[in-house]
Every structure is written in C-alpha cells, then in structure tokens.
Amino acid sequence: MTFRSHMQIALTEAEAAAARGEIPVGAVLLRDGEVLAQAGNRTRELNDPTAHAEVLVIREACRVLGQERLTGCDLYVTLEPCPMCAATISNARIGRLYYGASDPKSGGVGQGPRIFSHPQCHHAPEVYDGIDEARSAALLAEFFGKLRK
C-alpha cells in the first residue's frame, strides 16, 4: 500500500481559519481514505476555547459514524496537538496521527507533557510528525507576523 498524505486538506482548512482571524490550524479525519470531517480552528468565532480543529473534526466524525470511538481512523493536523486535543485523540481511540509543525510552546505530543507517554493514557495512536512541516510552520509564522506589526 502506498502512503498518500491528506495534509493538503488540513492546510486548506488552516488557511480558511486564518482568513477568519483564527489561529491557522486545520485538521481532517479519515477512515479507509474517506474524509469523515474537516475543519479549521473556530475558537473566536464560536466563543469556545475547545473549538480547536482537532476537536471539531472528532466531534463531527463521531456524529457521522454514530459512535464515540474512531478506531482505524487517521487524523491529519497542521500543528502538533495541544494536551487537550491529544487527550481527546486518545479518548476517541484514533489509530494514526499525522501532524505538520511541532509546537514547542503548547504541544502535547512530542513536546511538553507528551500525553501519549503517560501511564494514565489508555490509548496512544501511531504518530507521524513533520508532514508538510515547512508549509504548516509558514502559515503560523505569517499569521503571527501580521499580529506583531
């Protein structure tokens, strides 16, 4: 089987989030190559601190499938998930996590608390980092660069 990245969908969602004034993070969740949900951050728009791209796609995929477990699913996200999102990924039992840019300040997978390494973590997905990392990091740098002007 040949690996096919779906990060472009997540990057498109991140660009749309930036256009709405949100931090440009996008995500897409798939099962067997079929897109179940895609979203960008909407924390400001929804006045909801949990409306991260990862949480939004997990909620939608669970709704679509009619279940709380997403075993066998793949999640692509442009930025390393924060601890809240990493815990949600674990609780949803997502099979594989692919992410773009690392997040040294707020990451929860390869940085910071490393949620999947804790003994209390009931499920750890396979993790693949650095997927389209340069493009993901550039979106974030451009967004925050404009804020600092």
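Here the side chain of E80 pairs no donor or acceptor atom with the backbone of Y99 at under 3.5 angstrom. At least one donor-acceptor pair closer than 3.5 Å links the side chain of S5 to the backbone N or O of M7.
A pairwise comparison of heavy atoms in S90 and C121 identifies OG-SG, 3.3 Å as the closest pair. For the residue pair A86 and P81, the shortest heavy atom distance occurs at N-CB, 4.1 Å. The two residues A37 and A61 have their closest heavy-atom pair at CB-N, 4.0 Å. Between I23 and R44, the closest heavy-atom pair is N-NH1, 3.8 Å. Across all non-hydrogen atoms, the minimal contact from L79 to S102 is CD1-O, 3.9 Å. When every heavy atom of A51 is checked against every heavy atom of L56, the shortest pair comes out as O-CD1, 3.6 Å.
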Q: Would you sort out whether V57 and V28 count as a side-chain contact (heavy atoms from CB on, under 4.5 Å), showing the intermediate values?
A: CA-CA 7 Å; V57 297; V28 59; 5.8 Å; no
Q: Verify side-chain contact (heavy atoms from CB on, under 4.5 Å) between I9 and Y76, making sure each step is shown before the conclusion.
A: CA-CA 9 Å; I9 298 169; Y76 289 81; over 6 Å; no
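Using a 4.5 Å cut-off between side-chain heavy atoms of Ile, Leu, Val, Met, Phe, Trp and Tyr, with links allowed through other members, Y128 and L11 fall into the same hydrophobic cluster. At a threshold of 4.5 Å between side-chain heavy atoms, the hydrophobic network of Ile, Leu, Val, Met, Phe, Trp and Tyr places V127 and V55 in two separate groups.
With a 4.5 Å cut-off on side-chain heavy atoms, C82 and H52 count as touching. Counting heavy atoms from C-beta outward, R93 and H122 have side chains that approach closer than 4.5 Å. In this structure, the side chains of L29 and I94 come closer than 4.5 Å at one or more pairs of heavy atoms.
From N91, atom CG reaches atom CD1 of I58 across 9.0 Å, with rounding to the nearest 0.5 Å. Of the inter-residue distances, the one linking L30 atom CG with Y98 atom OH reads 9.5 Å to the nearest 0.5 angstrom.
The side-chain contact (heavy atoms from CB on, under 4.5 Å) test with V109 singles out one residue from D103, L97, I89, and that residue is L97.
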Can you list, pair by pair, the side-chain donor-acceptor contacts under 3.5 Å of residues 131-145, counting residues two or more places apart and other chains?
from	atom 1	to	atom 2	distance (Å)
R135	NH1	Q8	OE1	3.3
R135	NH2	Q8	OE1	2.3
S136	OG	T78	O	3.3
S136	OG	D132	O	3.1
E142	OE2	K146	NZ	3.3

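Sorted by first and then second residue, the side chain to side chain donor-acceptor pair (under 3.5 Å) pairs involving residues 63-73 (not counting sequence neighbours) are E60-R63. For residues 16-43, every residue pair satisfying the side chain to side chain donor-acceptor pair (under 3.5 Å) rule, not counting sequence neighbours, is listed here: E13-Q38, R20-E45, E22-T43, R42-E45.
A donor-acceptor pair shorter than 3.5 Å can be found between the side chains of T50 and R59.
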